[in-house]
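What follows is a short report on a single structure.
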Amino acid sequence: MATVDDLKFQEFDDAANLLAGNPDATTISIDEPSENPKNQYGLLQDSRREEDDELLGTDDSDKTELLAGQKKSAPFWTFEYYQTFFDVDTYQVLDRIKGSVFPIPGKNFVRLYIRSNPDLYGPFWICATLVFAIAISGNLSNFFIHLGKPAYRYVPEFRKVSIAATAIYAYAWLVPLALWGFLMWRNSKVMNIVSYSFLEIVCVYGYSLFIYIPTAILWIIPQKAVRWILVMFALCLSGSVLVMTFWPAVRDDNRRIALATMVTLVLLHALLAIGCLAYFFDAPDLNVLLPTAAAQNGTIVATKTQ
């Protein structure tokens with residue numbers, strides 16, 4: 001049975017006295033070792049590498065690709081294969097739309113929003129909504145401009161829907177396809193170039209077009225100055241998403257090639273916006289009826305201008 005003295009706290013001698021009494025004893029130091037300069041330098045290099053990976057969008061990309069490769073993919077002729085491209089919820093789509101409208105400086109759009117689960121649901125419906133927004137707004141703009149003119153007869157132009165659909169969907173698919181092929185080609189030339197998948201590039205372009213939907217609705221305002229201010233504002237927002245996403249992928253390439261690539265992307269993006277504004281809203285009206293001859297009964301015979 002333990003006595004009361006055995007249960008009291010006792011002060012132990014230091015290690016020197018203990019070793020003097022028992023030379024064969026083993027001592028263990030629990031003090032934290034100080035970091036040597038080499039370890040500090042290595043930690044600094046790792047932190048810089050993590051910052052570069054965060055900007056380039058390559059952090060955890062190998063893990064993502066490995067996990068994606070472990071999933072069993074269905075054959076491409078089955079419905080399940082294409083169902084994975086639309087496997088996204090409303091919160092993810094809204095978050096990606098918010099990220100395209102309010103881009104964060106220095107952040108990669110693919111890494112923040114797309115890489116975990118790229119989809120085609122958002123880009124498809126954004127393009128479809130933009131098609132109808134441009135076509136309907138163009139017709140309404142034409143109607144409001146000539147409203148009240150006795151010689152004007154409103155004729156809805158349904159062909160604008162097909163023209164807008166051809167232009168927007170061709171841009172949203174062909175330009176990403178060309179950019180993906182270019183990045184793959186440059187990746188074979190320069191080993192450290194970051195490459196995106198075709199689906200990720202389509203996502204970036206699709207979500208970057210969302211800002212043009214409210215812009216197209218505001219183009220109904222019959223003021224050219226207001227329209228050009230709106231198109232430049234939308235172009236700066238959507239263009240910044242493209243620049244911040246694809247510049248880290250080409251900046252390690254030849255300087256001239258990298259700058260030429262970014263200038264080409266911005267010019268194509270501007271060409272789409274300015275082309276839609278010029279064709280659907282600033283095009284000359286073909287439905288204004290002008291008096292050409294007076295009939296004997298006093299009525300006016302009108303013909304459509306060509």
Beyond-backbone contact of F144 with I221, side-chain heavy atoms, under 4.5 angstrom: no
Set of side-chain hydrogen bond (donor to acceptor under 3.5 Å, both in side chains) partners for Y171, sequence neighbours left out: H269
Test item: V101 and V241 side chains (from C-beta on) under 4.5 Å apart, heavy atoms: no
Between F86 and F124, ring centroids under 6.0 Å: no
Pairwise side-chain contact, Y205 with P176, heavy-atom cut-off 4.5 Å (strictly under): yes
Contact check, side chains of W228 and L277, non-hydrogen atoms, under 4.5 Å: yes
Check against side chain to side chain contact (heavy atoms under 4.5 Å, CB included), S141 and R227: CA-CA 11 Å; S141 175; R227 291 176 176 176; 2.5 Å; yes
Side chains of L183 and T261 in contact at under 4.5 Å (non-hydrogen atoms): no
D119: partners by side-chain hydrogen bond (donor to acceptor under 3.5 Å, both in side chains), with sequence neighbours left out: R96, Y207
Derivation of the side chain to side chain contact (heavy atoms under 4.5 Å, CB included) call for V131 and Y169: CA-CA 9 Å; V131 167; Y169 277 102; 4.2 Å; yes
Pairwise side-chain contact, Y212 with S238, heavy-atom cut-off 4.5 Å (strictly under): yes
Side-chain heavy atoms of R186 within contact of V250, under 4.5 Å: no
W125 and V93, any side-chain heavy atoms less than 4.5 Å apart: no
